[in-house]
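See below for the structure under consideration.
These numbers were taken from a predicted model, which means no experiment stands behind them. These values consider heavy atoms only, across backbone and side chains, with no hydrogens, waters or symmetry-generated copies.
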Amino acid sequence: DGVMGFYAPQIAAVNPVQVIAGQVASITISGLNFGTNQSDVVGAIRTTTGEKPCEPLILVSDTSAICNLSVNALIPHTGNLVIGVGTPWSGGQQNTSASGIESRIKEIDPPAEVELTLAVDIATIPEGSPERVSFEESFISDVSAAVGVPVWRIQITQILAGSIIVVFVILPDPNSIIATTPQAAAAIIAEQAAQPTSALLTGSTTGSVTGVAVAASVLEAAAAATGTTITTTTTPDYKRLSEPKEYTLADMEQCLYTCRLLCETGNEVPSVDGFPVLPDERPIVCTSECMTHCGYGREVTPPFR
């Protein structure tokens, strides 16, 4: 019939998969059937907020092209790269798929800082000593195993006195689009720090962890990435199941007993400022929350005479 057919273009991989926000990005695209005519090929990134063209798209070969993405505050560098090949004279344009991990890039995640307090005497690991080196290696290994990220992504920045406070950052993996983000890894650490049988609290070095600090913004970023929300408004069962009938001393005492029992032994771990409390802190926090919940210390309005 005289019509010439062309195979549709395909993207096999992009490099790098993570780029710096707010900077021009240059992405090498590998695949098939890109053609050999520069004027026949276009490219763009498709995001949830719009499409941004490659400016320019440089055709290297039938299997390789380079997409340069300019900065646009409304359209981030997070989405799928698309290659279009063809013109009206060649039968129309054919595009690569706008979905699939092989064509996806995203803006690189910032590092996440975490502080862990350990019940260890800092005098036992003097700076510059073999003991300090051994401690740091063991600590990094424990955190790496607990979170499931390679050791190179755990970087200790400070070791402070106060028992021992280890300040460290979790780095992003710029070579993976599916690797655990630093924010998600920090959230895992915060969660495991409240679970006595967790990988973190059964580590050879991190088994002595007694405290954790992670910025609320880090936990919120982790929750947003997974489609969940962080809330402090949900009433836990230990409060819901221990409402006092009246604010009499007998009812308040029964409420306090029930609330503390459920809070200290139940599956719901109380939190403070969005952080789950550690096992050693749980009885104190439960007592404080339950006393307030059951009416201790509430303002009393005197009856009218």
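Residues passing the side chain to side chain donor-acceptor pair (under 3.5 Å) test with Gln38: none are found, sequence neighbours excluded. Applying the side chain to side chain donor-acceptor pair (under 3.5 Å) rule to Asp62 yields no partners; only residues at least two apart in sequence or on another chain are considered. The ring-ring contact (aromatic ring centres under 6.0 Å, His included) search around Phe168 returns Phe139, not counting sequence neighbours. By the side chain to side chain donor-acceptor pair (under 3.5 Å) test, Thr36 is found to be paired with no residue, residues two or more places apart in sequence or in another chain being considered. With sequence neighbours excluded, the residues forming a side chain to side chain donor-acceptor pair (under 3.5 Å) with Arg46 are Glu51, listed by chain and number. Partners of Glu102 under the salt bridge (charged side-chain N to carboxylate O under 4.0 Å, His left out) rule, at least two apart in sequence or in another chain, do not exist in this structure. Listed by chain and residue number, Ser138, Asp142 satisfy the side-chain contact (heavy atoms from CB on, under 4.5 Å) test with Ser204 (two or more places apart in sequence, or in another chain). Every residue was checked against the salt bridge (charged side-chain N to carboxylate O under 4.0 Å, His left out) condition with Arg153, not counting sequence neighbours, and none meets it.
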Using disulfide bond (SG atoms under 2.5 Å apart), reason through Cys286 and Cys263 one step at a time and then give a plain yes or no.
CA-CA 6 Å; Cys286 286; Cys263 180; 2.0 Å; yes

As a quick check of understanding, evaluate side-chain contact (heavy atoms from CB on, under 4.5 Å) for Met291 and Thr287, giving each step before the final call.
CA-CA 6 Å; Met291 288 188 72; Thr287 298; 3.9 Å; yes

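Residues near Leu32 contribute nothing to a hydrophobic cluster around it, because no ILVMFWY side-chain heavy atom sits closer than 4.5 Å to its side chain.
Side-chain N/O atoms of Glu289 and Tyr238 include a donor and acceptor closer than 3.5 Å. Side-chain contact of Asp109 with Thr181: a donor-acceptor pair under 3.5 Å is absent, judged by distance alone.
For the residue pair Asn68 and Ser26, the shortest heavy atom distance occurs at OD1-OG, 3.1 Å. Nearest heavy atom pair, residue Pro150 against residue Ser144, reads C-OG, 3.7 Å. Of all non-hydrogen atoms in Ser70 and Val24, the two that sit nearest each other are CA-CG2, 4.4 Å. Across Ala186 and Ile170, no two heavy atoms sit closer than the pair N-CD1, 3.7 Å.
Remark: side-chain polar atoms of Ser198 are paired, donor with acceptor, to backbone N or O of Gln192 under 3.5 angstrom. Put simply, the side chain of Thr258 gets close to the backbone of Gln254: a donor and an acceptor are under 3.5 Å apart. With hydrogens and angles ignored, the 3.5 Å screen pairs no side-chain donor or acceptor of Thr206 with any backbone N or O of Leu201.
Sorted pairs that involve residues 111-136 and meet salt bridge (charged side-chain N to carboxylate O under 4.0 Å, His left out), not counting sequence neighbours, are lacking altogether.
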Using residues 73-83 as the side-chain source, report each donor-acceptor pair under 3.5 Å to any protein atom, sequence neighbours left out, with the distance given to one decimal.
| from | atom 1 | to | atom 2 | distance (Å) |
| --- | --- | --- | --- | --- |
| His77 | ND1 | Lys52 | NZ | 3.1 |
| His77 | NE2 | Gln23 | O | 3.0 |
| Thr78 | OG1 | Glu107 | N | 3.1 |
| Asn80 | ND2 | Gly100 | O | 2.8 |
| Asn80 | ND2 | Ser103 | OG | 2.8 |

Without placing hydrogens or testing angles, list every side-chain donor-acceptor pair under 3.5 Å for residues 8-18, not counting sequence neighbours.
| from | atom 1 | to | atom 2 | distance (Å) |
| --- | --- | --- | --- | --- |
| Gln18 | NE2 | Asp173 | O | 2.7 |
| Gln18 | NE2 | Ser176 | O | 2.8 |

